[in-house]
Amino acid sequence: MLQNRFDPKTAEPRLYAQWEAAGAFAPKDDPNAEAFSIVIPPPNVTGSLHIGHALNNTLQDVLARFERMRGKAVLWLPGTDHAGIATQMVVERMLAAEGGPGRRDMGRDAFVERVWKWKAESSGTIQNQLRRLGASCDWSRERFTLDEGLSAAVRKVFVQLYKEGLIYRDKRLVNWDPHFQTAISDLEVLQPTVDGAYYHFAYPLADGPVGEVTEVVVATTRPETMLGDTAVAVHPTDERYQGLIGKLLAHPITGRKIPIVADEYADPEKGSGAVKITPAHDFNDFQVGKRHGLEMINIFDAYARLNDEVPTEFAGMDRFDARRAITAKMEELGLLRGIEKTRHAVPHGDRSGVVIEPFLTDQWYVNAEVLAQPAIKAVETGDMAFVPKNWEKTYFEWMRNIEPWCVSRQLWWGHRIPAWYGPDGHVFVEETEEAVRAAARAHYGSDVELRQDEDVLDTWFSSALWPFSTMGWPEETSDLKRFYPTHTLVTGFDIIFFWVARMMMMGLHFMDDVPFKRVFINALVRDASGQKMSKSKGNVMDPLELVDELGADALRFTMTAMSGAARDIKLSKQRIEGYRNFGTKLWNAARFCQMNECVRVEGFDPAEVKSTLNRWIRGETVKTAEAVTKALEACAFDDAAASLYRFIWNVFCDWYLELAKPVLNGEDEAAKAETRAMAAWVLDQCLKLLHPVMPFLTEELWAELAAFGGPKRGSMLIVADWPALPQAWIDAEAEAEIGWLVDLVTDVRSIRSEMNVPPSARAPIVLVGANAVTRERLARHRDLIVTLARASDVKEADAVPAGAAPFAAGEATGALSIAEFIDLVAERARLAKEIGVLDGDIEKTRKKLDNPDFVARAKEEVVEENRERLAEAEEAKAKLQSALARLEAVA
RNA sequence: GGGCGGCUAGCUCAGCGGUAGAGCGGCUGGUUUACACCCAGUAGGUCGGGGGUUCGAUCCCCUCGCCGCCCACCA
């Protein structure tokens, strides 16, 4: 016999080990089986599982388990990402904490070795945490972005794109992170609004006044960059400056003479209408500088300290110190025309958190615009679909305005760029050193010394190849043939640009096919204040603690049930407890079945069941199986969870098992046998349907019930057949019959409560003015009603008996057609007349009933209520008829 | 500036043209041998405001207001 609770702590590791040992996570060999593949969004190799992973991986696992049970050859391919900047940051922090030599002191090789060591120590954490969640990925195929195979794929892609002209080296402004001393992509730049100020500076005219004018006032939020100014721009049509265009200004600090240029970029509406131009330190100014052939003076070093291009009094100064120093200097010179406080957006590095500098450097770029075209088209034509569909708008918007992708990073942890430079700076891009040497030999006619590019690639470059690099590309492996393209990608909207878009570009370019047919965008799990959870903010909820306390199944069900949220999921522990209770409820239902010897019967055919109750639950099971199947096919995880919850708790437990009790305790052996077999069958269906969401508890019950009796199980539940039940098993007559019974019992319970009938007291139920159908039904279900409604007896009467308390019966509600609605209102009025209840035994109520005023008033209420309802129905009918008439008139 | 979400019971959320829902919390009752991680009952909402379409609007349209996210820009 089952214990009265499921014990996740001991069962989960045991069951997971059994699945793994049975090889259940590997795609089945059957060549005829349809392939279904998912690649995991690779978490950081050194990371640990956060609540967002729990959501994302639960949904993937639900799909994987569902499709596996449907007989497909399922591959869920796991792996991890080297996460260049994030990992390097972690290790550097560790080095700092240890107080030993830092990254630069160690040198590149020693540092990279140190990172590998840290990777060896900490990797495996997240994999084990995924196991705790129940993730059924095929660990035998696990990949890491820096594996040799994946690295070879990266080199091949880089080289090919280079030779196709889609990767190139360019000197332009990049987003420079002075903390890491590396370029980062536009996507890695955040734009928080911070306090700042406009500093109004006057620049005197170099060659004396022009008319009355002796100076031009400009405003800036970044005084420190003024040392790199090489012009001041005004709008070509700005009347105020017509006479000044082409004149020179004397730079107040450097003394450099800088021209006043006419450029549309200057907005006459803003400030004085004149704007200082610092081409090497501002993206807009860079464009202006190019248009006017201005000198581009870089005044920062890699740490964003002022370099030797500036007067010695400022050289070496930090940029923020420089801001104060320069403002002070301008004031001293009498050229500060005011400081105006403001709030404005300032670029910050998403990892480092420091202010990003536009910085003039040589970097490698991917021509994203060309690669984006097929990726846009694939979504337009439906070759790849977003679920929910809305997200395609976001995708299109970005893809259609895509900028060159800066892929080089001045880091040490990552894929080193396969480019080498000859003594004269000539670039050779090849997959291997041998190939490079050969190319160089061909170019120079002899062997020369080559120097490899110091930079590594953006982490997302290798991630972009993930769906095919993990399957062995560029080798033509059987996995690649069978499992590419993948079926569904499950990921968060925060990486649509970073990852989804780039996988689309690379997949289409190199595989000539989309990397996935569908992408399900899951919500972001946020903390109580709606903030995105992140390690750096320290507001992370630990899913492992929740698993420890409430079990993986409870957390998984919660994630599934809440996955419908459009944007945010705010997680509450109470909710998880509620779903833990749901698991326990099913567990106890199974226990009840055991106690009542509801054992599975060999060859039992639900099509053959006779009793109304069994025919009814059969239909309900069919409907649930259908609803869950449809929901999971459509990634409507929340709908699937809701259907399961309602069916198992509110239908199977609350009504079927309750209604089965009198049968199971009765004398009719045939009915008893049928009900036992049926209960066992329905329970099995519950286990199957719930398994993708709650794999542990269901697998445990699957085994426990088999051990208890009945035919031997053909397999573990994880690979059992998904219920595909015939529509014909839905029995309308049984549905109507049980529906009636449920309504009646519900009404009687409600009335008993209103009349303060204690649960221990048994009151007779009297049917007043019952028609033939009702009488027949009542006769048929007398025992059930007596049990469930705690009646002492069930009687019929043609008229209201003296002392009867009349009441209006309720009825089930649901989605109704217009016609049904009218019928319902009429039916309600009819029902109200039909059923009455006589309260017995209870002194309090008897007193009420003995009071003729009470009875008379109650009767009047019923009559009045019915009148109102009939009037409502008539009114609705009249309105409809007029609407119909108008429609017909139009038609 | 452009785009996208959200605003429904005390809390967390579902519903998205047909008599306002769930879970949790509240209240009342419960020694019904599957389950107190339970059972039965019950209170609590003018579905953010205002217009419009409709026989009928929480749901569709317009508009306003908060809250939040994304993109772009900011001298």
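Just so it is clear, the values below take in all heavy atoms, side chains as well, and ignore hydrogens, waters and symmetry mates. Each chain gets a letter, A, B and so on, in the order the sequences are listed, and its residues count up from 1.
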Requested in this report: Identify whether any heavy atom of Cys653(A) sits under 4.0 Å from a base atom; if not, whether one sits that close to sugar-phosphate; answer base, sugar-phosphate or nothing.
Outcome: base
Query raised in the report: So which nucleotide from A75(B), C13(B), A34(B) ends up closest to the side chain of Asn588(A)?
Result: A34(B)
Query raised in the report: Any sub-3.5 Å donor-acceptor pair from Arg600(A)'s side-chain atoms to Gly709(A)'s backbone N or O?
Result: yes
Query raised in the report: Taking RNA chain B as the partner, which of residues 641-650 of chain A come within under 4.0 angstrom of it by heavy atom?
Result: Tyr645(A), Trp649(A)
Query - Watson-Crick and G-U pairing of RNA chain B written in dot-bracket, each distance under 3.5 angstrom, with | for inter-strand partners - result: ((((((((.[[[[.)..(..]]]].(((((.......))))).....[[[[[..)....]]]]])))))))....
Query raised in the report: Can you tell which of A75(B), C4(B), C35(B) lies closest to the side chain of Ala219(A)?
Result: A75(B)
Query raised in the report: Between A75(B), C73(B), G3(B), which nucleotide has the shortest distance from any of its atoms to the side chain of Lys393(A)?
Result: G3(B)
Within the sub-3.5 Å range, which N or O atoms of nucleotides 7-11 of chain B have a protein N or O partner, and how far apart are they?
none

Query raised in the report: Can you find an N or O donor on one side and an acceptor on the other, under 3.5 Å apart, linking the side chain of Glu658(A) with the base of A40(B)?
Result: no
Query raised in the report: Of the candidate nucleotides A75(B), A34(B), A36(B), which contains the atom at the shortest distance from the side chain of Asp282(A)?
Result: A75(B)
Query raised in the report: For the side chain of Lys585(A) and the base of C35(B), is some donor closer than 3.5 Å to an acceptor across the two?
Result: yes
Query - salt bridge (charged side-chain N to carboxylate O under 4.0 Å, His left out): pairs with one or both residues in residues 552-562 of chain A, sequence neighbours excluded - result: Asp61(A)-Arg556(A)
Report task. Counting heavy atoms from C-beta on, name the nucleotide in C35(B), C37(B), A40(B) closest to the side chain of Thr584(A). Result -> C37(B)
Report task. Check the side chains of Thr394(A) and Glu397(A) for a donor-acceptor pair under 3.5 angstrom, ignoring hydrogens and angles. Result -> no
Requested in this report: Rounded to whole angstrom, note down the P distance from C55(B) over to G44(B).
Outcome: 34 Å
Report task. Identify whether any heavy atom of Lys573(A) sits under 4.0 Å from a base atom; if not, whether one sits that close to sugar-phosphate; answer base, sugar-phosphate or nothing. Result -> nothing
Report summary line: Contacts satisfying salt bridge (charged side-chain N to carboxylate O under 4.0 Å, His left out) that involve residues 571-580 of chain A (not counting sequence neighbours) are Glu549(A)-Lys573(A)
Requested in this report: Would you indicate whether Glu704(A), at its atom CD, is surrounded by more than 12 heavy atoms from other residues, nucleotides or ligands within a distance under 6.0 Å?
Outcome: yes
Query - Between C61(B) and G18(B) - P atom distance, rounded Å - result: 15 Å
**Report entry** Candidate nucleotides C70(B), A75(B), C35(B), ranked by approach to the side chain of Phe497(A) - the nearest
**Finding:** C70(B)
Query raised in the report: With respect to the side chain of Asn581(A), which nucleotide from A75(B), C13(B), C37(B) is positioned closest?
Result: C37(B)
Query raised in the report: Which residues satisfy the salt bridge (charged side-chain N to carboxylate O under 4.0 Å, His left out) test with Lys672(A), sequence neighbours excluded?
Result: Glu669(A)
Query raised in the report: Hey, is the side chain of Arg580(A) pairing donor to acceptor with the base of C37(B) inside 3.5 Å?
Result: yes
Query - Selected nucleotide, minimal atom distance to Met595(A) side chain, candidates A34(B), C37(B), A40(B) - result: A34(B)
